[in-house]
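The structure under discussion appears below in the form of structure tokens.
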Amino acid sequence: MNTTPSTTTTPSTTTPPAGTTDPAEGSADAVTEEATAKDSLVKDPATDSPAKDPAPKDATGTPSDAADSGTAPDDLAGQPDDDDDALEPDPFDEARHGVGAGAAAVVSAALGVVALTGAWTGRVAAERETLIGQIQTSGGGSAAQQISEIYGDAWHTTALVNGVFAVLALLVGVFVLIRPAFGAPSERPQPTWVRAVALAGVALGVLGVLISAGMYFDLFVSLPTAGAPAGG
């Protein structure tokens, strides 16, 4: 008969080997990570939306949007304002506009005045005709022939020269008035003073032509006639 008392076995409580994970510790770490994830989703009370990180900054610590907005005014300031230049007229272009037409109008008016008052060329031509008439009648001639050669030719020559100046004044004035209707159209209308001076030149030219024609054909004043010799 065995009198040795029976022994009871107790569960082993030995420490797990190194490199292995305790199941209890793994579950604790999972709970910690889940709580951290929930905290990251906390809503912003002002916007009622999950809080987000601020805008990314560049290497200098300044947000990229702020850098773009800071450089945009400089770029706009450096660009020329083409619209303002296009709207504002160039003073030099305004001064050059109508210079040729204005000069031609003044020339037309001056020629008209010369046609009415006479020029030195007409006086020289008249003196030449007078000299020629004296030479032709120096050998003898009737009184009517002397009047015609010495006085009449000089009178008609003066009228002819004045008529030429009047025709030139008329042609130049008409050219200035009708010039805008021909050639390339201009963006600006012809200045008013140019048209006024050109009209004055045309009027003086027409008047000079009429007076010169009347002088040449003896319509206003006829040539003097020699009286009959008195009987002795």
Between Gln190 and Ala101, is there a donor-acceptor pair closer than 3.5 Å when you use the side chain of the first and the backbone of the second? no
Please enumerate all residues that pass side chain to side chain contact (heavy atoms under 4.5 Å, CB included) together with Ser212, with sequence neighbours excluded. Asn162
Identify the two heavy atoms, one from Met215 and one from Trp155, that lie closest to each other, and give their separation to 0.1 Å. O-NE1, 3.0 Å
Taking a hydrophobic cluster as the set of Ile, Leu, Val, Met, Phe, Trp and Tyr residues connected by side-chain heavy atoms closer than 4.5 Å, whether directly or through intermediates, do Leu199 and Val174 fall within one such cluster? yes
Nearest heavy-atom contact between Ala105 and Ala198 is CB-N, 3.6 Å
Report, one line per pair, each donor and acceptor closer than 3.5 Å where one atom sits in a side chain of residues 139-149; sequence neighbours left out.
residue: Ser142; atom: OG; partner: Gln145; partner atom: N; Å: 3.3

Hydrophobic clusters here meaning ILVMFWY residues chained together by side-chain heavy-atom distances under 4.5 Å, can you tell me if Val172 and Leu177 are in one? no
Could you tell me which residues satisfy ring pair (Phe, Tyr, Trp, His ring centres under 6.0 Å) with Tyr151, sequence neighbours excluded, listed by chain and number? none
Heavy-atom nearest pair, Ala166 first then Gly208, reads CB-C, 3.5 Å
d(Leu204 CG, Ser108 OG) to nearest 0.5 Å is 8.0 Å
Checking Thr157 side chain against Asp153 main chain: does a donor-acceptor pair fall under 3.5 Å? yes
Shared ILVMFWY cluster between Leu170 and Ile178, side chains joined below 4.5 angstrom? yes
Using a side-chain heavy atom cutoff under 4.5 Å and only I, L, V, M, F, W and Y, what cluster partners does Val167 have? Leu171, Val209
Answer yes or no: are there more than 12 heavy-atom neighbours, outside Phe220 itself, under 6.0 Å from its atom CZ? yes
Got a list of side-chain donor-acceptor pairs under 3.5 Å for residues 111-135, not counting sequence neighbours?
residue: Thr117; atom: OG1; partner: Val113; partner atom: O; Å: 2.9
residue: Thr130; atom: OG1; partner: Ala126; partner atom: O; Å: 3.0
residue: Thr130; atom: OG1; partner: Ile150; partner atom: O; Å: 3.4

Does Val99 share a hydrophobic cluster with Val106, counting links as ILVMFWY side-chain heavy atoms below 4.5 Å and allowing steps through other members? no
